[in-house]
*Asks:* 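Here it is: the structure, laid out below.
Ligands are counted one by one from 1 in listed order, and the atoms in each one are counted from 1 as well. This one's a predicted model, so the numbers in the text were calculated from it and none came from an experiment.
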Amino acid sequence: MLDAHTVDELAGRLDAAQTAVTDTLSLADTHTLTIDDAYAVQAALLDRRTARGERITGVKLGFTSKAKMAQMGVSEIIVGRLTDAMRVADGGDVELSRLIHPKVEPEVAFRLARDVDPAAPDTDITTCVDAVAPALEIIDSRYRDFRFTYEDVVADNTSAAGYAIGAWSPLRDVGDLTVRLSNAEQEVTGSTVAILDGPLNALRALLDMARRRSVPLRAGDVVLAGAATAAMPLTAGVTTCEVSGLGRVTVRSV
Ligand code: OOG
Ligand code: MG
């Protein structure tokens with residue numbers, strides 16, 4: 001286990017990398033982190049952000065699809081936090097100069113209608129969700145060349161950097177919808193079935209993670225279920241995620 005001072009020092013290093021828009025080396029180059037240490041660094045990093053006035057707006061899951069696991073060489077689900085500073089309006093602008101080497105992912109978002117008590121043994125988290133929407137996630141690893149260990153990426157708040165949500169619809173089964181992520185140069189297509197055989201399973205996986213990692217789940221929180229396809233670079237211009245039957249969401253990078 002890392003001592004509290006080292007946890008805070010590593011959180012400070014990741015926080016400085018994000019605010020100064022400069023990459024940093026893998027923590028594993030100099031420190032031996034357990035997965036518990038990694039979540040402690042993530043919590044310390046979020047404490048720094050909330051101390052500056054940011055508000056937690058939800059949670060995100062990572063590596064819920066095989067495409068993402070294969071792309072990054074990681075095979076276990078991770079959880080991170082979203083804040084209001086990461087939120088981009090549908091159709092809104094993203095400033096590329098504030099990001100190191102951003103990528104974008106097509107996602108599905110859920111909205112919690114009530115607080116979830118992860119400790120209650122028979123919680124059905126799907127009954128706590130009232131809405132679903134197409135979403136874009138912007139990831140921007142603070143590590144050089146997006147190269148990281150499993151512990152590194154957890155410590156770095158799972159590469160979270162931004163998110164945009166399309167129009168909400170009442171919750172329904174979104175288990176096998178076609179997903180299309182595109183910009184002027186590129187297009188990637190997939191299906192929501194790639195997200196743990198259906199994004200509702202991501203909610204169940206989240207409940208399990210929330211139990212194990214003491215992540216609060218509150219009414220109004222947004223939940224990003226994880227990318228359905230591999231990420232693609234976020235480049236200047238318009239990027240769109242379209243989920244068949246759910247709608248679309250766009251951001252414009254400037
Ligand atoms: C980590 C974040 C993964 C997802 O949707 O799978 C993620 C990364 O790939 O840098 O957000
Ligand atoms: Mg993601």
*Asks:* Name the residue from Val7, Leu10, Asn157 that meets the side chain to side chain contact (heavy atoms under 4.5 Å, CB included) definition with Leu45.
*Replies:*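 Looking at Val7, Leu10, Asn157, the match for Leu45 under the side chain to side chain contact (heavy atoms under 4.5 Å, CB included) is Asn157.
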
*Asks:* Can you confirm whether more than 12 heavy atoms, excluding those of Arg252, are under 6.0 Å from its CZ atom?
*Replies:*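 No.
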
*Asks:* Among residues at least two apart in sequence or on other chains, which ones pass ring-ring contact (aromatic ring centres under 6.0 Å, His included) with His31?
*Replies:*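 Counting only residues at least two positions away or on another chain, His31 forms no ring-ring contact (aromatic ring centres under 6.0 Å, His included).
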
*Asks:* Would you kindly specify which portion of Thr158 sits under 4.0 Å from ligand 1, judged on non-hydrogen atoms: side chain, backbone, both or neither?
*Replies:*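 For Thr158, only backbone atoms sit under 4.0 Å from ligand 1.
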
*Asks:* At less than 4.0 angstrom from any non-hydrogen atom of Phe148, what atoms of ligand 1 do you find?
*Replies:*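 It comes down to these atoms of ligand 1: 8 (C), 10 (O).
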
*Asks:* Output the atom name for the N/O/S atom of Glu107 with the smallest distance to the Mg ion (ligand 2).
*Replies:*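 Answer by atom name: OE2.
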
*Asks:* Is Thr192 reaching over with its side chain to a backbone N or O of Val174, donor-acceptor style, under 3.5 angstrom?
*Replies:*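 Pair found, side chain donor or acceptor close to backbone of Val174.
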
*Asks:* Would you kindly specify which portion of Lys60 sits under 4.0 Å from ligand 1, judged on non-hydrogen atoms: side chain, backbone, both or neither?
*Replies:*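 It is the side chain that gets close, since no backbone atom is under 4.0 Å.
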
*Asks:* Can you tell me the N, O or S atom of Glu137 that's nearest the Mg ion (ligand 2)?
*Replies:*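 Relative to the Mg ion (ligand 2), the closest nitrogen, oxygen or sulfur of Glu137 carries the name OE1.
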
*Asks:* What is the closest protein heavy atom to atom 6 (O) of ligand 1, and at what distance does it sit?
*Replies:*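 The answer is Phe63 N, 2.8 Å.
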
*Asks:* Considering Glu105, Arg142, Met69, Glu137 one by one, which has a heavy atom nearer to atom 4 (C) of ligand 1 than any of the others?
*Replies:*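 That would be Glu105.
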
*Asks:* State whether the side chain of Arg49 and the backbone N or O of Asp15 hold a donor-acceptor pair below 3.5 Å, judged by distance alone.
*Replies:*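 A pair under 3.5 Å: no.
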
*Asks:* Val108 and Val249: same hydrophobic cluster, using ILVMFWY side-chain contacts below 4.5 Å?
*Replies:*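 The answer is no; the residues belong to distinct hydrophobic clusters.
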
*Asks:* Heavy atom under 4.0 Å from ligand 1: found in Gln71's side chain, backbone, both, or neither?
*Replies:*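 For Gln71, there is no contact with ligand 1 at all, from either part.
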
*Asks:* For atom 9 (O) of ligand 1, what is the closest protein heavy atom, and at what distance to 0.1 Å?
*Replies:*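 The closest heavy atom on the protein side is Lys68 NZ, 2.7 Å.
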
*Asks:* Should Arg111 and Trp168 be marked as a side-chain contact (heavy atoms from CB on, under 4.5 Å) after you check the CA-CA gap, both sets of side-chain angles, and the distance that decides it?
*Replies:* CA-CA 8 Å; Arg111 187 176 64 198; Trp168 293 106; 3.4 Å; yes

*Asks:* Among protein heavy atoms, which sits nearest to atom 8 (C) of ligand 1, and what does the distance come to when rounded to 0.1 Å?
*Replies:*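 For atom 8 (C) of ligand 1, the nearest protein heavy atom is Ser159 OG, 3.5 Å.
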
*Asks:* Is the contact between Leu224 and ligand 1 made by the side chain, the backbone, both, or neither, using heavy atoms and a 4.0 Å cut-off?
*Replies:*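 Near ligand 1, Leu224 shows nothing, with every heavy atom at 4.0 Å or more.
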
*Asks:* I'd like to know if Glu107 contacts ligand 1, where contact means a heavy-atom distance under 4.0 Å to any ligand atom.
*Replies:*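 The answer is yes, since Glu107 has a heavy atom less than 4.0 Å from ligand 1.
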
*Asks:* Would a hydrophobic clustering, with Ile, Leu, Val, Met, Phe, Trp and Tyr connected at side-chain separations under 4.5 Å, put Val222 with Val88?
*Replies:*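 Not linked; separate clusters.
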
*Asks:* Could you tell me which N, O or S atom of Glu105 is nearest to the Mg ion (ligand 2)?
*Replies:*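 The closest N, O or S atom of Glu105 to the Mg ion (ligand 2) is OE1.
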
*Asks:* Is it true that Arg213 and Gln42 share a donor-acceptor pair across their side chains at a distance under 3.5 Å?
*Replies:*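 There is no such pair (donor and acceptor under 3.5 Å, judged by atom type) between the side chains of Gln42 and Arg213.
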
*Asks:* Counting from 1, what ligand 1 atoms have a heavy atom of Gly226 closer than 4.0 Å?
*Replies:*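 Under 4.0 Å from Gly226, ligand 1 has these atoms: 5 (O).
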
*Asks:* Run the numbers for me: atoms of ligand 1, each under 4.0 Å from some heavy atom of Phe146, listed by number.
*Replies:*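 Those of ligand 1 that fall under 4.0 Å from Phe146 are 10 (O).
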
*Asks:* Please say whether the positively charged group of Lys103, taken as NZ for Lys or CZ for Arg, lies over the ring of Phe146, i.e. under 6.0 angstrom from the six-membered ring centre and within 45 degrees of the axis.
*Replies:*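 Yes - Lys103 lies over the ring of Phe146, closer than 6.0 Å to its centre and within 45° of its axis.
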
*Asks:* I'd like to check which ligand 1 atoms, numbered from 1 as shown, lie under 4.0 Å from a non-hydrogen atom of Ile139.
*Replies:*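 Per the distance check, 8 (C), 9 (O), 10 (O), 11 (O).
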
*Asks:* Check each atom of ligand 1 against the heavy atoms of Gly62 and keep those under 4.0 Å away; list them by number with element.
*Replies:*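 This gives 3 (C), 4 (C), 6 (O), 7 (C) as the contact atoms.
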
*Asks:* At under 4.0 Å between heavy atoms, which part of Ser141 makes contact with ligand 1: side chain, backbone, both or neither?
*Replies:*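 The answer is neither.
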
*Asks:* Short list, please: which atoms of ligand 1 are under 4.0 Å from a heavy atom of Val153?
*Replies:*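 Once the distances to Val153 are compared, the set is 1 (C).
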
*Asks:* Ile56 and side chain to side chain contact (heavy atoms under 4.5 Å, CB included): which partner among Val215, Leu46, Leu82?
*Replies:*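 Single pass found, and it is Leu46.
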
*Asks:* For Thr57 and Asp84, does a side-chain donor sit closer than 3.5 Å to a side-chain acceptor?
*Replies:*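 No - no donor-acceptor pair under 3.5 Å links their side chains.
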
